[in-house]
Structures are given as C-alpha cells and as structure tokens.
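Step one of this worksheet: look at the structure below.
Ligands are counted one by one from 1 in listed order, and the atoms in each one are counted from 1 as well.
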Amino acid sequence: MLEAIRQAVIEGDADLTVQLVEEALEAGMDPQTITDDGLTSGLRTVGELFDRGEYFVPEMLISADAMEQAMVIIKPLLAVGGFGGAGTVVMGTIKGDLHDIGKNLVVTLLEGAGFNVIDLGVDVPIEKYIAAIEEHDADVVGIGALLTTVLPAMERAVTEIKAHDPDVKVMVGGAAVTAETGDRFGADGYASNAKQAADLALQLMAG
Ligand code: B1M
C-alpha cells in the first residue's frame, strides 16, 4: 500500500494518490507513516529523478501537488491536540527558498502539539522574522531550508535573531540542513522531520 502511494506521487497522479491514502486510512494505517514513508518518500525519489535529469521542474510541481492534495485529508488527523497551550512559534522558509510542503507539515504538527503558530510562509527575509517575534512575543522561531544556496541566509538569520532577542529559541531544519549545520550556525536545535520539530519545540520551551 505504501509503495503504491509512493508510485502514485512519483507519477504525479493526484486522484490516485488521494484514493490510495483514503484506502490506507480506512485500513487503519497510521497517518504519520503514510505521510513519511509514502508521500514524503515518493517526493524524495522525485528529487533524485530531477537530480538525474529525468524529471524537470514541472514534474516536481505535479508530484508536489499530488502530495499536497493528499495532505488535505491527512492534516486534520495529524493536528490532534490542543491549540496555543504550549507557547508561540514563528515559522517560515528562509529568503530565497520557495519550498513549503515540509514547512506546512511542521506547522501542522506544532499546532497538534498545542502551539500557537505564526506561519510567515516562504522566501522570508530576516527582518520579517524579527518583526513577527516582536509582534507575537514568540518563544521559538523555526527556520526551514531545502536549498544549499540559502544556507548563508539561514546562518545570518540565526545570528541576527539571537542578537536581537537572546531569549528566543531558534530551531532549524529542512532537507538542506543537518544537526552539524545547526550547531555551526548557533541554533538552539535541529529537527530532521516534522514530528521531531514539534518535540524539539516542546523541549526548548521546557528549557
Ligand atoms: Co525543489 N529542490 N527545487 N522543488 N524539490 C529539491 C529541494 C532538491 C533537493 C531536488 C533534488 O534532489 N535535486 C533540489 C535542491 C538541491 C540542493 O540545493 N540541495 C531542488 C531544486 C534544485 C529546486 C530548484 C532550484 C529547481 C529549479 O527551479 N531549477 C527550484 C528552487 C525554487 C526555490 O526554492 N527558489 C525548486 C523548486 C521546487 C518546486 C517549487 C517545483 C517544488 C516545491 C513545491 C512546494 O514546496 N510547494 C520542489 C520540490 C517538490 C522538491 C522535492 C522533490 C521535494 C521537496 C518536498 O516537498 N518533500 C525536493 C527533493 C528532496 O527534498 N529530496 C526538491 C516533501 C517534504 C515533506 O519533505 O521538505 O524534506 P521536506 O520536509 C521534511 C523535513 O525536511 C522536515 O520535516 C518535513 C516533514 O518530515 N522539515 C523541517 C522541513 N522543513 C523544516 C523546517 C524545520 C524543521 C524541520 O524548522 C525547524
């Protein structure tokens, strides 16, 4: 079933992807497993096909759309839990990067963990993060990046946010980021997937 979902994403067949996800949920499969090992795994293969020059941007967009249509069904099942109990998180993909599927998943799981999430979207300049921290008295900032070319911008953002407000916790993630990158940038934490991001935000709040 998971392989069939992977293949439907790779083929960019949104209708089939949605149908298979509905069948998997009816069969009792865990929504997180469907997301990580079916949908996200399929998009990772799409990235490899792009890398090999077999797929191009339009194919990536079509496959991304198949995942996003399936996520409409899954998201409400992931975001179970209270809202706003745990604190405020400002979330966004860094300036220069337009990838948001993973970021949106992180937002869903943060809300499911009880956080009030201010989602700044994609291509977020540093000053927008800082203005949002001020406006919403944020406890945690989440910065995502999927392109290696935007890592210098992410490093500058971590430095400037920490200089502006040493008390706010900064966590980083996204396919272009590793735990080592996070350490080197001076971030308070790194998360490799959406569930880890929610758990990390709770840990950072607990100090
Ligand atoms: Co592009 N893209 N893309 N892309 N794309 C990648 C990232 C790439 C790795 C493909 C490849 O394998 N070569 C490659 C980057 C290479 C590199 O720099 N390392 C790449 C490229 C090159 C590009 C373009 C430059 C292509 C071009 O135009 N020439 C271009 C750049 C546009 C831009 O950003 N300025 C581009 C464009 C696109 C689309 C817009 C077509 C589309 C994005 C659609 C959208 O987001 N709305 C797209 C897609 C879909 C991909 C791949 C195939 C899939 C990404 C995805 O959404 N995965 C991707 C291949 C890959 O990732 N291997 C690729 C599903 C998602 C759930 O996983 O984002 O990893 P992910 O999120 C995970 C974790 O990372 C983590 O939790 C999530 C859930 O578990 N996480 C966080 C994510 N964000 C976090 C933030 C946190 C914490 C955890 O904060 C604390």
Protein heavy-atom partner closest to atom 64 (C) of ligand 1 - residue, atom, separation in Å: H99 NE2, 3.8 Å

Closest approach of any protein heavy atom to atom 81 (N) of ligand 1, naming residue and atom: G174 N, 3.7 Å

D165 CG to I130 CD1 distance, which is reported to the nearest 0.5 Å: 9.0 Å

D37 CG to M1 CE distance, which is reported to the nearest 0.5 Å: 14.0 Å

Protein contact of atom 47 (N) of ligand 1 - nearest heavy atom, named by residue and atom, plus distance: D100 OD1, 2.7 Å

For ligand 1, the portion of V106 having any non-hydrogen atom under 4.0 Å away: side chain

Rounded distance (nearest 0.5 Å) linking atom NE2 of H99 with atom CG of N104: 12.5 Å

Check ion pair R184-E180 (N to O, under 4.0 angstrom): yes

Ligand 1 to G144 polar contact by distance, N or O atoms, under 3.5 Å: no

Close approach, A145 and ligand 1, non-hydrogen under 4.0 angstrom: no

I73 CD1 to Q19 CD distance, which is reported to the nearest 0.5 Å: 10.5 Å

Donor-acceptor pair, side chain of Y55 and main chain of T45, under 3.5 angstrom: no

Option with minimal heavy-atom separation from atom 88 (C) of ligand 1, where the choices are G182, G173, A198: G173

Within-cut-off N or O pair, M60 and ligand 1, under 3.5 Å: no

Contact check, T149 vs ligand 1, heavy-atom distance below 4.0 Å: no

Any side-chain heavy-atom pair of L202 and F115 under 4.5 Å: yes

Proximal atoms of ligand 1 relative to L105 (non-hydrogen, under 4.0 Å): 67 (C), 79 (C)

Numbered atoms of ligand 1 (with element) below 4.0 Å of V172, judged on heavy atoms: 90 (O), 91 (C)

Whether M91 lies under 4.0 Å from ligand 1, heavy atom: yes

Same cluster (ILVMFWY, side-chain, under 4.5 Å), L109 and M29: yes

Non-hydrogen atoms of A24 and I34 that approach each other most closely: CB-CD1, 3.8 Å

Nearest-neighbour protein heavy atom for atom 27 (C) of ligand 1, which is reported as residue plus atom name and distance: V57 CG2, 3.5 Å

Atom indices of ligand 1, in the order listed, that fall short of 4.0 Å to a heavy atom of M171: 91 (C)

Any donor-acceptor N/O pair, D97 side chain to L147 backbone, under 3.5 Å: yes

Close approach of S192 to ligand 1, heavy atoms, under 4.0 angstrom: yes

L200 contact mode with ligand 1 (heavy-atom cut-off under 4.0 Å): neither

CG-CE distance between L78 and M71, expressed to the nearest 0.5 angstrom: 5.5 Å

Contact check, A176 vs ligand 1, heavy-atom distance below 4.0 Å: no

